Amino acid sequence: MKLLCSAPSPYSRMVRIMVRYLELDVEELNTNPLDNGDTLLSANPLGQIPCLFLNDGAALYDSEVICRYLDATYAKSQLFGEPGLDWHAQCQFSLLKGLIDSAVKLRQEQMREEEGVRSAFWTSRFEEALLRGIRELERQGAGSSDRINARSMALVCLLDYMDYRHPALEWRNLAPALTLWFEEVRELPIFRETRPDIVC
Ligand SMILES: N[C@@H](CCC(=O)N[C@@H](CS)C(=O)NCC(=O)O)C(=O)O
C-alpha cells in the first residue's frame with residue numbers, strides 16, 4: 001500500500017501511527033496537497049491528504065475512513081470497536097476529530113495574516129472551541145496509558161499539534177490529568193517516530 005501524507009498533517013499522522021501500531025507495510029509518499037499533484041487530485045477530488053492507495057490501486061480517504069479500514073482489515077475493529085455498538089465512544093472520537101479540525105482551521109486563519117484578511121471573530125471562535133474541548137477531554141479522562149486505541153491515537157495527534165502550532169494556548173493549564181497521561185504515552189515509538197516536530 002502507498003500513503004500520500006505529510007509529517008506536519010495531524011490527519012496524516014493518525015494513519016501513520018496506526019500503520020506502525022499494526023506493523024503494516026505502507027510506503028509513505030511525502031505530499032504537499034497545495035501542489036495539486038495529479039496523483040492526489042485523480043484519487044481524491046477534495047485534494048486532501050491523507051489518501052491511501054490499496055494494493056489493487058483503489059484509493060481511500062479521509063483519515064477516519066482509512067483508519068477504520070485498517071482497523072477492520074487488520075485488527076478485527078479492536079481499535080475503534082464495532083461500529084454502532086458504543087455511541088458514546090463514537091461521540092468522543094468525533095469530539096477529537098472536531099478539535100483537530102478547529103486546530104487546523106485556526107492555523108489556516110493565522111496563515112491568512114500575510115494576506116491581511118485574518119478574522120478576529122473566527123480566530124477566537126476556534127480558540128474557544130479548543131479550550132472548551134480540552135476541558136471536556138480532561139473531564140472524560142484519557143484512560144490507561146498502556147491501553148492504546150483509536151481514541152488515544154487521535155488524542156496524541158491533537159495535543160502534539162497544539163504544542164506544535166498553538167503553544168500560546170497553553171492547554172496544560174486546563175488539563176493536569178491529561179498532561180500526565182500525555183507525557184507518558186507520547187514517548188512510545190509509534191508516537192515519537194511520527195511527531196510533527198521530529199524529523200526521523
Ligand atoms: N477530513 C479530512 C481532512 C484532511 C485535511 O484537511 N488535510 C489537510 C492537510 S492537514 C489538507 O489536505 N489540506 C488541503 C486542503 O484542504 O485543500 C481527513 O480527516 O482526512
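Both counts, for ligands and for their atoms, begin at 1 and track the order of listing. As the structure is a prediction and not an experimental result, all values here were calculated from the model.
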Undergrad: Do Y74 and M18 have side-chain heavy atoms sitting under 4.5 Å apart?
TA: no

Undergrad: Would you please say whether a donor-acceptor pair under 3.5 Å links the side chains of N149 and Y21?
TA: no

Undergrad: Check whether any side-chain heavy atom of R118 sits under 4.5 Å from a side-chain heavy atom of T123, and report yes or no.
TA: yes

Undergrad: So if I count the atoms of ligand 1 from 1 in the order they appear, which ones are less than 4.0 Å from some heavy atom of P50?
TA: 20 (O)

Undergrad: Find out whether I100 and Y161 are in side-chain contact, i.e. whether some heavy atom of one side chain is under 4.5 Å from a heavy atom of the other.
TA: no

Undergrad: Under 3.5 Å between some N or O of ligand 1 and some N or O of S9?
TA: no

Undergrad: Provide the number and element of each atom of ligand 1 under 4.0 Å from a heavy atom of I49.
TA: 4 (C), 5 (C), 7 (N), 8 (C), 9 (C), 12 (O)

Undergrad: Quick check: is V26 connected to F53 through a chain of hydrophobic side chains (ILVMFWY, heavy atoms under 4.5 Å apart)?
TA: no

Undergrad: Would you say the side-chain atoms of T194 and R13 include a donor-acceptor pair closer than 3.5 Å?
TA: yes

Undergrad: How far is atom 15 (C) of ligand 1 from its nearest protein heavy atom, and which residue and atom name does that atom have?
TA: Q48 CG, 3.7 Å

Undergrad: Which residue from S12, S6, P33 reaches closest to atom 11 (C) of ligand 1 through any of its heavy atoms?
TA: P33

Undergrad: Heavy-atom contacts with S63 under 4.0 Å: which atoms of ligand 1 show up? List them by number with element.
TA: 18 (C), 19 (O), 20 (O)

Undergrad: I want to confirm something. Looking only at heavy atoms, which of L40, L4, N36, D62 is nearest to atom 18 (C) of ligand 1?
TA: D62

